[in-house]
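Computation of the quantities below employed the complete heavy-atom set of this structure, encompassing side-chain atoms and omitting hydrogens, waters and symmetry-equivalent molecules.
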Amino acid sequence: MRWSQVFIPTLREVPAEAEAASHRLLLRAGYIRQVSAGIFASLFLAQRSFLKITQIIREEMNRIGAQEFYLPALNPAELWQESGRWSADVLFKFKDRGGHDLCLGMTHEEEMTNIARSELRSYKQLPQIWYQIQEKFRDEPRPKSGLLRLRQFMMKDSYSFDLDDAGLDLSYQKHVDAYHRIFTRCGLKYLHVEAYSGMMGGRVSSEFTAPAESGEDWIASCECGYAANLEKAESKAPPVSDPPGDAPLEPFSTPGQKTIDDLVRFTREGPERLIKTLDYIVESKPVVVLLRGDHSLSETKFASLLGTGTYRPATPDEAFALHGAHLGSLGPVGLKGARLIADRALEGRKLMIAGANRDDTHLRNVTPGRDFAAEYHDVREVAAGDLCIRCGRPLRLTKAVELGHVFKLGRRYSETMHATVLNAQGQESPLVMGSYGIGVERILSAAAEQNHDADGMFLPRAIAPFDVILTAANMDDARVRDAAGELYQQMLDASIEVLFDDRSERPGVKFKDADLIGVPFRVTVGSKKIQQETAEIFDRSTRQNQDVRLQELLGVLGKKLAPSS
RNA sequence: CGGGGCGUGGCGCAGCCUGGUAGCGCGCUUGCCUUGGGCGCAAGAGGUCCGCGGUUCGAAUCCGCGCGCCCCGACCA
């Protein structure tokens with residue numbers, strides 16, 4: 001391709017709305033333009049990149065025996081009403097001219113299951129893995145960060161159908177293997193982490209995430225290999241020492257001391273010596289949660305434990321009705337009429353401080369187990385400084401972009417949608433399903449996040465729109481023009497994907513653009529060096545410049561391109 | 001959905017407080033010049049000042065109501 005003939009609208013200045021690095025860069029480099037919140041047009045460079053990414057995905061999916069489909073995004077309401085997801089508020093819904101309810105698919109469990117149930121009859125047809133690479137639509141409450149959270153986006157989603165759990169385990173593992181190959185081939189730094197499955201999800205799920213500044217997920221990881229999404233991550237709190245011996249409960253006056261911070265100042269005890277009492281109303285019943293003063297509740301763990309997402313913090317009036325005291329003096333001792341859940345970090349502790357359920361009063365020497373009985377569960381969010389549950393070393397917390405999610409769905413859809421096959425005994429048996437997604441735009445965004453500097457991007461070769469940019473420093477110099485033209489032809493003949501910058505711009509402009517757009521190598525032909533029959537090969541990621549004789553250039557370049565191909 | 005910010009040629013911004021000719025830089029067009037890191041000179045083109053309503057002799061500017069976009073939080077099958 002000749003730059004003079006293609007559309008690559010690079011920007012010198014950054015549009016004000018772009019904050020995330022990948023968003024800024026992809027705009028400036030002329031990859032994308034925004035149409036509306038969370039809706040982007042992919043221009044020439046972006047589309048080239050996406051085609052490379054989807055090709056890698058396709059090859060690796062095909063390698064595990066998955067079959068590519070193409071399904072409609074436009075769905076009748078009935079399908080979603082049947083699965084129970086019609087009420088999802090991120091689902092785009094509307095009516096056709098006949099007044100029929102329709103929606104745009106946000107994933108394709110319903111459609112895939114629908115095909116499976118009407119076509120799969122026998123266990124002998126299993127296992128099946130079906131996938132597609134298609135647009136998904138989600139009415140996100142808050143689209144953001146360029147291509148990182150979109151309302152319309154491209155997703156590879158696959159679905160496995162097995163007769164039993166053992167089969168599902170196998171299909172799941174195939175996907176995990178394929179995903180490792182996909183993200184490795186895309187040249188990304190990534191982590192495979194344990195994930196929270198969501199209220200509607202199955203039992204097991206894990207995510208592939210790319211550490212990046214603009215990521216929305218927090219990942220806890222350890223040298224020993226343990227890694228989990230913060231929603232799911234478990235940890236040991238560093239040990240805390242309580243006073244020795246034993247002592248009876250002792251109320252003391254704490255006028256006006258309401259928050260943990262207040263009490264820390266007032267009592268001169270550390271926050272880890274306090275018990276934090278939180279009241280929730282769960283499906284109209286009160287649930288009281290106890291945490292260490294310096295810990296915070298993980299709402300996903302809490303919801304997961306409750307088995308429902310229908311809960312809210314209690315109002316001050318409701319808390320008063322339950323405890324006989326106002327917020328700020330609540331505690332577990334003597335509490336009746338509520339389910340009492342304590343975080344595991346309180347197990348085995350003693351002589352702590354908690355609210356007395358009397359206004360402006362707290363209790364000293366509160367000892368879990370002796371002074372109140374609670375169910376112990378892990379309900380707190382991992383905090384900086386916590387230790388790995390496997391090996392005891394300190395956990396790292398990293399921001400990351402979720403690239404892919406693999407789920408063991410089990411029978412959630414096959415049961416609600418009656419998708420069964422006959423097993424070897426001739427009995428109807430619900431299909432055991434898995435679902436597996438990859439966000440295509442997020443791969444490009446994560447690569448930009450991970451591979452950029454002040455001047456622009458240096459994308460991994462496998463997903464960069466071109467392998468090489470051939471820069472003719474001065475098109476008015478006939479020797480330069482001829483030599484560059486010849487090199488261009490040689491590269492085309494060698495199947496190197498080359499963008500020939502033949503514009504009659506000043507060299508500075510061309511170098512700036514070349515640095516910006518994410519092509520891994522630049523070959524520069526200039527007036528001075530052409531007289532020595534040499535040109536330069538510039539490695540964008542390392543910024544190493546190398547003079548190479550013209551007749552050797554193709555060979556040297558070929559070697560540089562080879563390793564990652 | 002709560003909090004904050006912004007909306008003025010393609011992009012980045014000033015003007016708004018204190019109402020009276022719509023401006024600057026970049027980009028774009030043409031000519032000259034220059035040619036290894038966004039060069040210089042000159043001449044141009046390009047604007048429903050987000051929309052609607054109100055106040056006023058007069059509104060980009062003041063008031064009201066909307067809409068859009070960004071950020072933080074909530075949410076995220």
Side-chain angles (χ1 to χ4, degrees), chain A residues 9-20 23-24 27-28 30 33-40 80 83-91 103 105-110 136-146 148-151 153 155 157 159 195-202 205 207 214 216-217 229 231 299-300 303-304 309 311-313 402 405 407 409-410 412-413 416 433 435-437 439 454-456 471-478 480-481 501 503-516 522 524-531 535-536 538 543 545 547:
Chain A
T10 58
L11 299 174
R12 190 184 292 232
E13 282 171 296
V14 193
E17 75 266 12
E19 186 111 336
H23 188 193
R24 280 200 315 266
L27 275 175
R28 279 197 60 209
R33 286 296 183 261
Q34 180 161 352
V35 173
S36 181
I39 305 178
F40 283 82
W80 292 75
S83 72
R85 298 208 296 176
W86 178 252
S87 57
D89 50 12
V90 296
L91 194 62
C103 66
M106 56 183 189
T107 61
H108 281 75
E109 278 85 357
E110 280 78 1
K136 298 288 181 280
F137 299 85
R138 295 187 188 176
D139 194 358
E140 287 284 348
R142 190 178 155 210
K144 57 180 279 203
S145 305
L148 283 175
R149 195 196 298 209
L150 295 164
R151 293 197 291 173
F153 59 99
M155 184 181 196
D157 49 322
Y159 304 87
Y196 171 67
S197 310
M199 296 306 303
M200 305 287 274
S205 84
E207 284 171 9
S214 300
E216 304 182 76
D217 285 1
N229 190 304
E231 292 182 339
E299 302 220 342
T300 41
S304 174
Y311 67 91
R312 59 174 173 81
E402 180 183 353
H405 203 149
F407 273 96
L409 282 177
R412 185 252 177 268
Y413 289 89
T416 52
M433 293 173 56
S435 107
Y436 318 88
D455 293 321
T471 301
N474 180 358
M475 284 300 283
D476 290 342
D477 181 330
V480 168
R481 197 174 54 229
D501 191 348
R503 296 175 297 171
S504 46
E505 291 286 349
R506 296 173 58 84
V509 173
K510 296 186 170 195
F511 294 145
K512 289 289 184 192
D513 275 344
D515 287 347
L516 179 60
R522 185 183 82 215
T524 312
V525 182
S527 300
K528 286 217 183 85
K529 290 188 178 160
I530 201 66
Q531 296 180 25
E536 288 167 21
F538 177 72
R543 293 181 164 274
N545 226 338
D547 288 353

Problem - 4.5 Å side-chain heavy-atom contact, Arg33(A) and Pro9(A) - result: yes
Exercise for the section: Could you check if a side-chain atom of Phe538(A) sits within less than 4.5 angstrom of a side-chain atom of Asp515(A), using non-hydrogen atoms only? Expected result: yes
Pair assignment for [N], Watson-Crick or G-U wobble, requiring both distances under 3.5 Å:
N	result
G12(B)	C24(B)
C67(B)	G7(B)
G36(B)	none
G47(B)	none
G73(B)	C1(B)

Got a donor-acceptor contact below 3.5 angstrom from the [X] side chain to the [Y] backbone?
X	Y	result
Tyr159(A)	His108(A)	yes
Glu140(A)	Arg142(A)	no
Thr10(A)	Asp513(A)	no
Arg138(A)	Met106(A)	yes
Arg151(A)	Asp139(A)	no
Lys510(A)	Ala472(A)	yes
Lys529(A)	Glu536(A)	no

What I want to check is whether an N or O donor and acceptor connect the side chain of [X] with the base of [N] at under 3.5 Å.
X	N	value
Asp515(A)	G37(B)	yes
Arg522(A)	G36(B)	no
Arg142(A)	C75(B)	no

What interatomic distance, in whole Å, is found between [atom1] of [M] and the corresponding atom of [N]?
N	M	atom1	value
G44(B)	G23(B)	P	14 Å
G20(B)	G15(B)	C1'	14 Å
C28(B)	G68(B)	P	34 Å
C67(B)	C26(B)	C1'	30 Å
C70(B)	U8(B)	P	14 Å

Considering only side-chain heavy atoms of [X], which listed nucleotide, [options], is closest?
X	options	result
Asp476(A)	C69(B), A77(B), U35(B)	U35(B)
Arg506(A)	U35(B), C75(B), G36(B)	U35(B)
Glu19(A)	G38(B), G36(B), C71(B)	C71(B)

Taking [atom1] from [X] and [atom2] from [N], how many angstroms apart are they, rounded to a whole number?
X	N	atom1	atom2	value
Arg85(A)	C76(B)	CZ	P	14 Å
Phe40(A)	C70(B)	CZ	C1'	11 Å
Asp89(A)	C76(B)	CG	P	9 Å
Leu91(A)	C75(B)	CG	C1'	16 Å
Glu299(A)	C76(B)	CD	C1'	13 Å
Arg33(A)	C69(B)	CZ	C1'	16 Å
Arg312(A)	C75(B)	CZ	P	15 Å
Arg149(A)	C70(B)	CZ	C1'	14 Å

Practice task
Return no unless some side-chain N or O of Arg12(A) is found under 4.0 Å from OP1 or OP2 of G27(B).
Solution key: yes
Handout entry: Asn229(A) side, atom CG; His405(A) side, atom NE2 - distance, nearest 0.5 Å
Key = 8.0 Å
Exercise for the section: Could you tell me the separation between the CZ atom of Phe40(A) and the CG atom of Leu150(A), rounded to the nearest 0.5 Å? Expected result: 6.5 Å
Describe the nucleic acid contact of [X] in one word from base, sugar-phosphate, nothing, applying a heavy-atom distance below 4.0 Å.
X	value
Val90(A)	nothing
Glu402(A)	nothing
Asp513(A)	base
Lys144(A)	sugar-phosphate
Ser504(A)	nothing
Arg28(A)	base
Gln34(A)	sugar-phosphate

Atom pairs, N/O to N/O, protein against nucleotides 66-68 of chain B, distance under 3.5 Å?
none

All N/O pairs under 3.5 Å across the protein-nucleotides 11-14 of chain B interface:
residue	atom	partner	partner atom	Å
C11(B)	O2	Glu13(A)	OE1	3.4
G12(B)	OP1	Ala16(A)	N	2.7

Practice task
Check whether the side chains of Ser435(A) and Arg412(A) place a donor and an acceptor atom closer than 3.5 Å, and report yes or no.
Solution key: no
